[in-house]
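Just so we're on the same page: letters track the sequence lines, and every chain starts at 1.
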Protein chains: 2
Amino acid sequence: MDSTAPTDGQQASAEKPATERADCVEELAFDVFAKACPSRATLAHATGRWGSLTLGALYDGTLRFNELRRRVDGVSEKMLSQTLHALERDGLVHREAQLTNPPRVDYELTPLGSEVAERLLQLIHLVEGRMDEVLRARERYDAARGGR
Amino acid sequence: MDSTAPTDGQQASAEKPATERADCVEELAFDVFAKACPSRATLAHATGRWGSLTLGALYDGTLRFNELRRRVDGVSEKMLSQTLHALERDGLVHREAQLTNPPRVDYELTPLGSEVAERLLQLIHLVEGRMDEVLRARERYDAARGGR
DNA sequence: CGGTATCCTATTAGATACTG
DNA sequence: CAGTATCTAATAGGATACCG
């Protein structure tokens, strides 16, 4: 049960025991702070190492499998495949296959995926624009504690 | 070389070979699409499983170590410690220790951390508000392909 | 081209025990 | 309280081979 499974523990087709599901809403501001909330998994798919970059790449428009692979530098076939399946399952990406020869498969964001990608890109843009601050903070931290 | 290391491969105090750093800017819309960009690591810290929840929890205000642990349901001491160190190193979180007895340590967002958390929270809020869509998409996907 | 299946390694996460 | 150290389990990730 590994290889190209949808990234999660199970939940692909199995159900979790009742004890793990109940405590979702509680008095928390956001459900996601409670473990075993489905939103936690979706957020993980969207923000994960490859998920965020895949969504970001697709924000500019539809891309084919190997186009995506070249855009998202460093992703392996396996991880891209897994990532796309997880995002498709969550309804963030739409897969359009044409059974021609050679085959052609297009991936594009759904409306929801587009909204998610937009927020992700805002975050990416913010972080990139402030990397100088981050780098300086790292130097300070390493100077103070890195010496140990 | 594991235990409480700052989540990354090395780079805590070691440098990567030059071959892995150069290709950062290129013609990409965002650096982060190129591997070996420092922004990729920072983004990973902020969006990671525990990083996003930690930043989200701190957005409401300063919290102590064990308060955070209770807020971020399911995080272990070790992972919270690691996560906080990574976020502090990147300049997203400020750590304020009082050497009293018993010790008291407060964690709060830096101005940059606050901006990052804000965008993160927008994402979290979006995903949570649309979980019904996600769940329906999952049912459709599993009905079509889960049968295999 | 657009993937899956398999095998294997590396990284991450958790439990537990211990310290200032 | 606020962690660190250590050991182990689970998961992510990569290389390779193969298929429609």
Side-chain angles (χ1 to χ4, degrees), chain A residues 1-12 20 35-36 40-41 44-45 47-54 62-88 93 95-108 145 148, chain B residues 1-12 35 40-41 44-45 47-54 62-88 93 95-108 145 148:
Chain A
M1 204 267 271
D2 109 321
S3 69
T4 315
T7 302
D8 301 333
Q10 37 257 67
Q11 137 204 89
E20 287 194 53
K35 68 181 171 192
R40 198 120 123 181
H45 298 155
T47 63
R49 182 169 177 194
W50 303 120
S52 58
L53 297 175
T54 302
T62 301
L63 289 174
R64 299 174 63 178
F65 189 84
N66 280 312
E67 289 175 337
L68 262 173
R69 214 162 100 80
R70 280 186 291 274
R71 274 265 199 145
V72 180
D73 190 22
V75 71
S76 65
E77 287 189 358
K78 179 182 154 185
M79 292 318 298
L80 182 57
S81 177
Q82 257 182 232
T83 301
L84 285 169
H85 279 304
L87 295 176
E88 190 194 352
V93 162
R95 180 178 184 275
E96 187 86 33
Q98 296 168 47
L99 284 83
T100 55
N101 192 310
R104 179 191 176 94
V105 182
D106 291 302
Y107 291 93
E108 62 181 327
R145 319 196 140 213
R148 282 192 308 154
Chain B
M1 203 266 273
D2 103 323
S3 69
T4 314
T7 304
D8 299 335
Q10 34 257 70
Q11 140 203 86
K35 67 181 171 192
R40 196 120 125 183
H45 299 155
T47 64
R49 183 170 177 193
W50 303 121
S52 58
L53 297 174
T54 302
T62 299
L63 290 173
R64 299 173 61 178
F65 189 84
N66 280 313
E67 288 174 335
L68 262 172
R69 214 161 99 79
R70 281 186 291 275
R71 275 265 200 144
V72 180
D73 191 21
V75 70
S76 65
E77 288 188 357
K78 180 183 151 184
M79 292 318 298
L80 182 57
S81 177
Q82 260 184 229
T83 301
L84 285 168
H85 280 303
L87 295 176
E88 189 195 354
V93 162
R95 180 177 184 277
E96 187 85 34
Q98 295 168 48
L99 284 84
T100 54
N101 193 310
R104 178 190 178 96
V105 181
D106 291 302
Y107 290 94
E108 63 181 327
R145 319 197 139 212
R148 281 191 308 154

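Contact annotation: B:His85 does not reach the phosphate of D:dG3 (side-chain N/O to OP1 or OP2, under 4.0 Å). At least one side-chain nitrogen or oxygen of B:Arg95 sits closer than 4.0 Å to the OP1 or OP2 atom of D:dG3. Phosphate contact (OP1/OP2 of C:dG14, side-chain N/O of B:Arg49, threshold under 4.0 Å): present. Between A:Tyr107 and C:dC1 there is no side-chain N or O to OP1 or OP2 distance below 4.0 Å. Checking the phosphate oxygens (OP1, OP2) of D:dT4, a side-chain nitrogen or oxygen of B:Ser81 falls inside 4.0 Å.
The nearest whole Å value for the distance from the CD atom in A:Glu77 to the P atom in D:dG13 is 16 Å. Spacing between atom NZ of A:Lys78 and atom P of D:dT16 amounts to 14 Å, rounded to whole angstrom units. In this structure, the CG atom of B:Leu84 is 11 Å from the P atom of D:dA2, given to the nearest Å.
B:Ser52 pairs by the side chain to side chain contact (heavy atoms under 4.5 Å, CB included) definition with A:Leu43, B:Leu120, not counting sequence neighbours. Contacts of A:Arg49 classified as side chain to side chain contact (heavy atoms under 4.5 Å, CB included), with partners at least two apart in sequence or in another chain: none.
Checking D:dG14, C:dG2, C:dG14 against the side-chain heavy atoms of B:Met79 singles out C:dG14 as nearest. Each of C:dG14, D:dC1, D:dG20 was ranked by its minimum atom distance to the side chain of B:Pro103; first place goes to D:dC1. For B:Trp50, the listed nucleotide lying nearest its side chain is C:dA13; candidates were C:dA13, C:dG2, D:dC1.
Nearest heavy-atom pair, B:Asp73 versus A:Arg40, reported as atom, atom and distance to 0.1 Å: O-NH2, 2.6 Å.
Between the side chain of A:Thr47 and the backbone N or O of B:Thr47 there is at least one donor-acceptor pair closer than 3.5 Å.
Looking at heavy-atom distances under 4.0 Å, A:Arg69 makes no contact with the nucleic acid at all.
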